[in-house]
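Heads up, the thing below is written out as structure tokens.
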Amino acid sequence: MQSIVDSWGKFNNIDNALILGCAGCSFPRFLSLHYPECKTTGIEISKEFIDIAKKHFLLDEIAGQFELIHADAFDFIENNPQSELRDLIYVDIFDSNKLIDEVFSEQFINSLSLCTSENSIVIFNLLGKPESELISFAEKIGSSYDGKYIWSQQNSTPLGVLVLVKTTSPENLQKFEKDSEKSNIILKKIENK
């Protein structure tokens with residue numbers, strides 16, 4: 001995920017990020033340390049995970065850049081004011097190692113789109129989903145995104161990652177695709193049906 005963000009960040013600003021499902025907060029830590037200008041908000045429903053993260057994983061050096069909120073991610077997205085648009089949203093919502101079905105709902109996808117800036121990236125951790133399901137899910141997502149990708153390994157095995165991109169610059173989209181390829185990130189582009 002970090003490599004995808006770095007490929008995107010070379011050509012686009014990442015000033016405001018939202019992490020849905022934080023657990024140990026490793027991804028928010030990465031953002032705060034590698035993109036110090038980025039204001040990152042994390043949403044986590046488990047009070048137990050929040051307590052563990054605060055005690056063992058959150059560093060004082062990122063305190064001013066990262067806010068961890070105890071809330072339901074779906075409620076937060078539904079009620080998010082559009083005045084606070086995000087340049088990056090990372091969706092990592094699991095319950096006991098099982099994806100929550102609401103992640104795949106049209107309402108959730110539409111709400112995510114309303115929360116993103118003109119030049120933004122949404123990354124879904126869909127670990128464990130077969131490629132056919134990832135493609136089917138991506139194809140159903142409307143045309144509010146300029147690029148939809150599944151991240152695969154070099155042997156074409158899907159990693160269970162879906163990437164959605166909005167951009168006002170087709171040139172930056174091409175740069176992102178090329179830089180990802182140079183970084184050995186194989187993004188399989190998914191077209192609308």
Side-chain angles (χ1 to χ4, degrees), residues 1-23 25-45 50 62-93 100 102-126 137-138 140-151 161-177 179-180 187 189-190 192:
M1 312 301 179
Q2 295 170 2
S3 298
I4 292 172
V5 172
D6 283 339
S7 286
W8 179 255
K10 286 179 185 177
F11 312 106
N12 299 278
N13 291 334
I14 303 176
D15 296 325
N16 194 335
L18 178 65
I19 314 301
L20 303 175
C22 289
C25 293
S26 61
F27 197 72
R29 266 196 335 268
F30 158 77
L31 283 176
S32 296
L33 295 174
H34 287 86
Y35 298 89
E37 71 287 350
C38 182
K39 175 190 167 211
T40 303
T41 303
I43 307 300
E44 176 57 53
I45 197 166
I50 290 174
I62 67 168
Q65 301 156 262
F66 177 60
E67 177 184 15
L68 183 57
I69 298 172
H70 179 226
D72 178 273
F74 301 106
D75 290 342
F76 185 86
I77 282 295
E78 196 62 37
N79 299 312
N80 184 60
Q82 289 183 4
S83 60
E84 192 167 9
L85 299 179
R86 313 299 173 141
D87 303 314
L88 181 144
I89 297 179
Y90 178 58
V91 181
D92 191 19
I93 305 174
I100 297 175
E102 197 172 344
V103 166
F104 302 101
S105 74
E106 186 176 344
Q107 180 178 348
F108 180 63
I109 298 301
N110 291 339
S111 295
L112 281 178
S113 180
L114 294 173
C115 295
T116 53
S117 68
E118 294 181 326
N119 292 295
S120 59
I121 188 167
V122 179
I123 303 170
F124 287 82
N125 178 2
L126 303 173
F137 176 48
K140 291 176 186 174
I141 294 173
S143 59
S144 59
Y145 294 97
D146 302 295
K148 299 185 284 189
Y149 309 88
I150 294 173
W151 182 19
V161 175
L162 175 65
V163 179
L164 305 175
V165 171
K166 275 187 187 178
T167 184
T168 57
S169 170
E171 182 181 305
N172 281 358
L173 185 61
Q174 289 174 345
K175 288 179 184 177
F176 165 67
E177 290 172 353
D179 190 77
S180 296
L187 294 175
K189 192 164 190 169
I190 306 301
N192 288 333

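As the structure is a prediction and not an experimental result, all values here were calculated from the model.
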Checklist entry - Between the side chains of Asn119 and Thr167, is a donor N or O closer than 3.5 angstrom to an acceptor N or O? => result yes
Item to check | Atom of Pro28, atom of Phe66 and distance for their closest heavy-atom approach | outcome: CB-CE1, 3.3 Å
I need the [X] [atom1] to [Y] [atom2] distance, nearest 0.5 Å.
X      : Y      : atom1 : atom2 : value
Leu114 : Arg86  : CG    : CZ    : 13.5 Å
Ile19  : Ile69  : CD1   : CD1   : 12.0 Å
Leu126 : Trp151 : CG    : CH2   : 13.0 Å
Leu88  : Asp15  : CG    : CG    : 11.0 Å
Asn125 : Met1   : CG    : CE    : 4.0 Å
Ile121 : Lys166 : CD1   : NZ    : 13.0 Å

Checklist entry - What pairs of residues pass the salt bridge (Lys or Arg N to Asp or Glu O under 4.0 Å) test when at least one of them lies in residues 30-39, not counting sequence neighbours? => result Lys39-Glu84
Checklist entry - Which salt bridge (Lys or Arg N to Asp or Glu O under 4.0 Å) pairs, counting each pair once, include a residue from residues 108-117, with sequence neighbours left out? => result none
Does the side chain of [Y] come within less than 4.5 Å of [X]'s, by heavy atoms?
X     : Y      : value
Val5  : Phe30  : yes
Ile43 : Thr41  : yes
Phe27 : Asp92  : no
Ile93 : Ile45  : no
Trp8  : Val165 : yes

Item to check | Within 6.0 Å of NZ in Lys189, more than 12 heavy atoms from elsewhere | outcome: yes
Checklist entry - For the rings on Phe176 and Phe11, is their centre-to-centre separation under 6.0 Å? => result no
Next on the checklist: Run the side-chain hydrogen bond (donor to acceptor under 3.5 Å, both in side chains) test against Ser111 and tell me which residues pass, sequence neighbours left out.
Outcome noted: Glu78
Next on the checklist: Does Tyr149 form a side chain to side chain contact (heavy atoms under 4.5 Å, CB included) with Ile4? I'd like the steps, not just the answer.
Outcome noted: CA-CA 11 Å; Tyr149 309 88; Ile4 292 172; over 6 Å; no
Checklist entry - Taking it one step at a time, do Asn16 and Leu85 satisfy side chain to side chain contact (heavy atoms under 4.5 Å, CB included)? => result CA-CA 7 Å; Asn16 194 335; Leu85 299 179; over 6 Å; no
Next on the checklist: One pair to check against side chain to side chain contact (heavy atoms under 4.5 Å, CB included): Tyr145 and Ile190. What are the steps and the verdict?
Outcome noted: CA-CA 11 Å; Tyr145 294 97; Ile190 306 301; over 6 Å; no
Item to check | side chain to side chain contact (heavy atoms under 4.5 Å, CB included) partner of Ile77, chosen from Leu18, Asn110, Ile109, Val91 | outcome: Leu18
Checklist outcome for this item: Residue set satisfying ring pair (Phe, Tyr, Trp, His ring centres under 6.0 Å) with Phe74, at least two apart, ordered chain then number -> Phe108
Checklist entry - Listed by chain and number, what are the salt bridge (charged side-chain N to carboxylate O under 4.0 Å, His left out) partners of Lys10, not counting sequence neighbours? => result Asp179
Item to check | With Glu171 via salt bridge (charged side-chain N to carboxylate O under 4.0 Å, His left out) - residues at least two apart | outcome: Lys175
Checklist entry - Would a distance-only check, ignoring hydrogens and angles, find a side-chain to backbone donor-acceptor pair under 3.5 Å from Glu118 to Thr168? => result no
Checklist entry - So Leu164 and Thr116, side chain to side chain contact (heavy atoms under 4.5 Å, CB included) or not? Walk me through it. => result CA-CA 11 Å; Leu164 305 175; Thr116 53; over 6 Å; no
